[in-house]
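If you're wondering where the values come from, they're calculated on a predicted model, not measured in any experiment. Each chain gets a letter, A, B and so on, in the order the sequences are listed, and its residues count up from 1.
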There are 2 protein chains.
Amino acid sequence: MASIKDVAAQAGVSVATVSRVLNSHPSVSAEARTRVIAAVDALGYRPNAVARSLRTAQTRTLGLVISDVLNPYFTELARFVEEEARALGYSVIIGNADERPELQDHHIRTLIDRRIDGLLVSPADGGSPLMREVALSGTPMVFVDRWIPGIDVPVVRADGTGAVRDLVAHLHGLGHRRLAIIAGPAATTTGNERVEAFRDAMRELGLALPDAYIGQGDFQAASGRRATEGFLALDEPPEVVFAADNLMALGALDAIRARGLRVPGDIALAAFDDIPWFVHTDPPITAIAQPTADLARAAVRALADLIEGRTPQSVTLPARLVVRRSCGQDATDQRSDR
Amino acid sequence: MASIKDVAAQAGVSVATVSRVLNSHPSVSAEARTRVIAAVDALGYRPNAVARSLRTAQTRTLGLVISDVLNPYFTELARFVEEEARALGYSVIIGNADERPELQDHHIRTLIDRRIDGLLVSPADGGSPLMREVALSGTPMVFVDRWIPGIDVPVVRADGTGAVRDLVAHLHGLGHRRLAIIAGPAATTTGNERVEAFRDAMRELGLALPDAYIGQGDFQAASGRRATEGFLALDEPPEVVFAADNLMALGALDAIRARGLRVPGDIALAAFDDIPWFVHTDPPITAIAQPTADLARAAVRALADLIEGRTPQSVTLPARLVVRRSCGQDATDQRSDR
DNA sequence: ATCATCCCTGTAATCGATTCCACGGCGTCG
DNA sequence: CGACGCCGTGGAATCGATTACAGGGATGAT
């Protein structure tokens with residue numbers, strides 16, 4: 001593979017001149033410039049990004065560590081993150097933590113070793129020593145979706161409290177009183193916040209949230225199934241199951257089906273995180289939709305700001321309720337499907 | 001960030017010795033080794049992967065260019081690719097081509113510029129000049145899922161002909177005679193092969209595949225919707241729509257719903273590529289499942305073989321039919337759901 | 001004509017690793 | 001006792017870029 005030296009030789013100039021042309025430095029004569037350009041495409045020369053990174057101490061690469069790529073919400077987030085990053089001239093390396101803290105640490109390690117310019121993280125846990133160390137070390141870092149209290153980096157996330165309140169009101173309006181939730185891991189902010197928002201919204205309507213109606217999940221489908229089986233085995237099972245993410249909702253649906261029950265006839269179902277498939281499930285599932293594309297864009301921009309020395313903004317965008325048929329029909333509550 | 005020089009100074013040895021310790025070179029005295037190790041973790045030193053890559057001319061990184069991350073099939077593929085690569089000591093950089101050839105080229109460009117050790121590609125088109133050039137240049141490269149005729153690199157893919165034949169037989173057994181297909185782009189191998197397999201299987205049963213029953217899609221949901229609308233507008237619409245991937249099946253389902261028709265009562269639906277959501281759609285969708293994890297593993301291994309100087313294997317694994325309810329009930333044809 | 005200035009260019013240092021080569025010390029063998 | 005070989009070590013070259021610095025030539029001003 002041709003190097004800058006070969007180009008210099010071919011063009012009859014020094015490597016410095018070649019470098020200047022490539023970086024469109026002003027002080028190069030028109031003649032030298034054309035000769036260099038000719039040599040560059042005669043040789044099919046492409047600058048070695050590794051060498052360039054070593055010298056300039058920047059890689060124009062962002063690291064994105066997400067909790068679970070197979071979760072459509074995160075897939076979509078990753079896709080928009082890459083899109084915005086590309087628009088700003090960055091590449092993205094995605095690390096999939098699979099909701100496993102040690103895997104998350106592994107990815108952070110290798111990303112730092114590769115000297116990525118900044119890190120976008122949706123933490124799978126409450127924060128490892130490594131994560132604190134990285135944040136303290138001055139590596140530009142932004143939390144997206146989930147964050148870690150006590151680590152002082154910008155956070156870009158959706159606020160679901162309003163939408164959860166809307167959801168609970170919707171359920172209440174349909175006559176449901178016994179509402180259960182499948183929570184995410186307590187170590188994640190989204191795990192806690194969604195339960196709290198749910199509890200608060202219920203309290204406002206004078207409903208209690210007994211412990212038996214709080215299932216412990218881990219944002220994976222299997223845990224949604226287990227938690228739902230637990231609910232269904234109660235003497236007085238809930239009338240509604242609200243899953244704190246889409247995969248657990250899928251598991252819940254499995255468990256309900258396995259019992260031979262029907263949604264929403266026998267039990268209602270709702271989920272946090274809306275995804276295209278929810279339109280096509282049987283029945284279509286009522287969900288709380290996050291503005292994923294906007295979150296991704298804001299997160300990348302905050303990180304780029306941090307990297308390039310500007311002042312980054314923490315951003316919180318509202319999530320919104322999307323009513324479908326999985327909680328029952330309600331003539332006063334019709335909305336568009338997507 | 002501490003460099004090897006700092007470690008050398010701290011340990012009172014030369015950088016050469018530090019490097020030897022880090023690479024577990026044999027000829028280092030036990031004493032020097034312990035001093036170096038002490039210095040390394042006193043300083044929290046981590047080798048700079050960029051510098052190392054420059055010197056050794058290898059990055060221990062693979063590039064994966066896929067046609068569409070939002071397609072659950074490719075998401076899953078990517079996830080298993082990363083898993084296997086990690087097991088072999090490689091990182092993965094994913095480039096999402098979004099079924100756009102120019103974006104695919106962009107990603108190949110930047111990956112090559114970053115000097116990835118090898119490239120895993122599921123081409124979105126029939127092959128750009130760039131792709132041919134890269135293949136010829138000796139960059140280790142492997143095609144996965146789709147491939148490009150005339151470019152001589154190992155191919156890891158699933159063979160769907162058997163499964164398609166099973167599907168057509170299943171449909172025939174249910175009494176369906178007018179079968180339509182939504183094809184993928186003609187520039188992709190999977191786009192063509194699936195149509196050919198379908199046509200052949202139909203011919204074997206004495207069924208014709210009129211041109212009007214071949215819809216042209218691009219593996220995206222919207223095209224599945226359009227093609228299906230076309231079918232439904234025919235004087236004699238098909239009894240079955242077979243979508244060549246899961247997203248087009250989703251679009252087909254949309255179009256069928258929009259017409260107020262029911263699956264499978266009014267029209268049957270089947271898809272290539274099975275995904276977890278197909279169990280939960282209304283109705284559950286009959287699909288052809290690829291052994292995604294095995295494909296991913298085989299592809300990474302072939303690429304690693306190529307990189308490390310062993311002889312790589314092209315691999316073709318069989319896909320299999322998974323019957324659900326979207327084509328109608330058939331007592332003789334019951335299988336487990338997943 | 002002389003000198004300062006500006007423009008263009010090249011030489012060389014540098015980034016942080018790896019690795020070839022040479023060298024000093026010590027043990028072994030004849 | 002001398003030669004040889006081996007082991008551990010350090011110096012320095014190298015990978016492919018960027019960039020500070022210096023120098024040469026042309027130009028303009030005085």
Figure out the CD/C1' separation between A/Glu31 and C/dC7, and round it to whole Å.
->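 These atoms are roughly 15 Å apart.
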
Spacing between A/Arg46 atom CZ and D/dA17 atom P, to the nearest angstrom = 11 Å

A/Ser27 side chain N/O closer than 4.0 Å to the phosphate oxygens (OP1, OP2) of C/dC8?
-> no

Phosphate oxygens OP1/OP2 of D/dT9: is one of them under 4.0 Å from a side-chain N or O of B/Ser29?
->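 Answer is yes, contact under 4.0 Å.
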
If you count the non-hydrogen atoms of other residues, nucleotides and ligands that lie under 6.0 Å from CG in B/Asp41, is the total more than 12?
-> yes

More than 12 non-hydrogen atoms from neighbouring residues, nucleotides or ligands closer than 6.0 Å to CD on B/Gln58, yes or no?
->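 Check passes, neighbour count above 12.
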
With heavy atoms under 4.0 Å as the rule, sort [X] into base, sugar-phosphate or nothing.
X       : value
B/Ala32 : sugar-phosphate
B/Val18 : nothing
A/Ser19 : base

How does protein reach along nucleotides 11-16 of chain D, written 5' to 3' as B (base within reach of a heavy atom under 4.0 Å), S (only sugar-phosphate), or - (no contact)?
-> B-BBBB

A/Ile4/A/Ser19 under side chain to side chain contact (heavy atoms under 4.5 Å, CB included): CA gap, chis, key distance, verdict | CA-CA 8 Å; A/Ile4 196 169; A/Ser19 176; 4.0 Å; yes

Closest heavy-atom pair and its distance - A/Ile151, A/Ala135 = CG2-CB, 3.5 Å

State whether the side chain of A/Thr292 and the backbone N or O of A/Gln290 hold a donor-acceptor pair below 3.5 Å, judged by distance alone.
-> yes

Rounded to the nearest 0.5 Å, how far apart are CD1 of B/Ile66 and CD1 of B/Ile94?
->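 It comes to 6.0 Å.
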
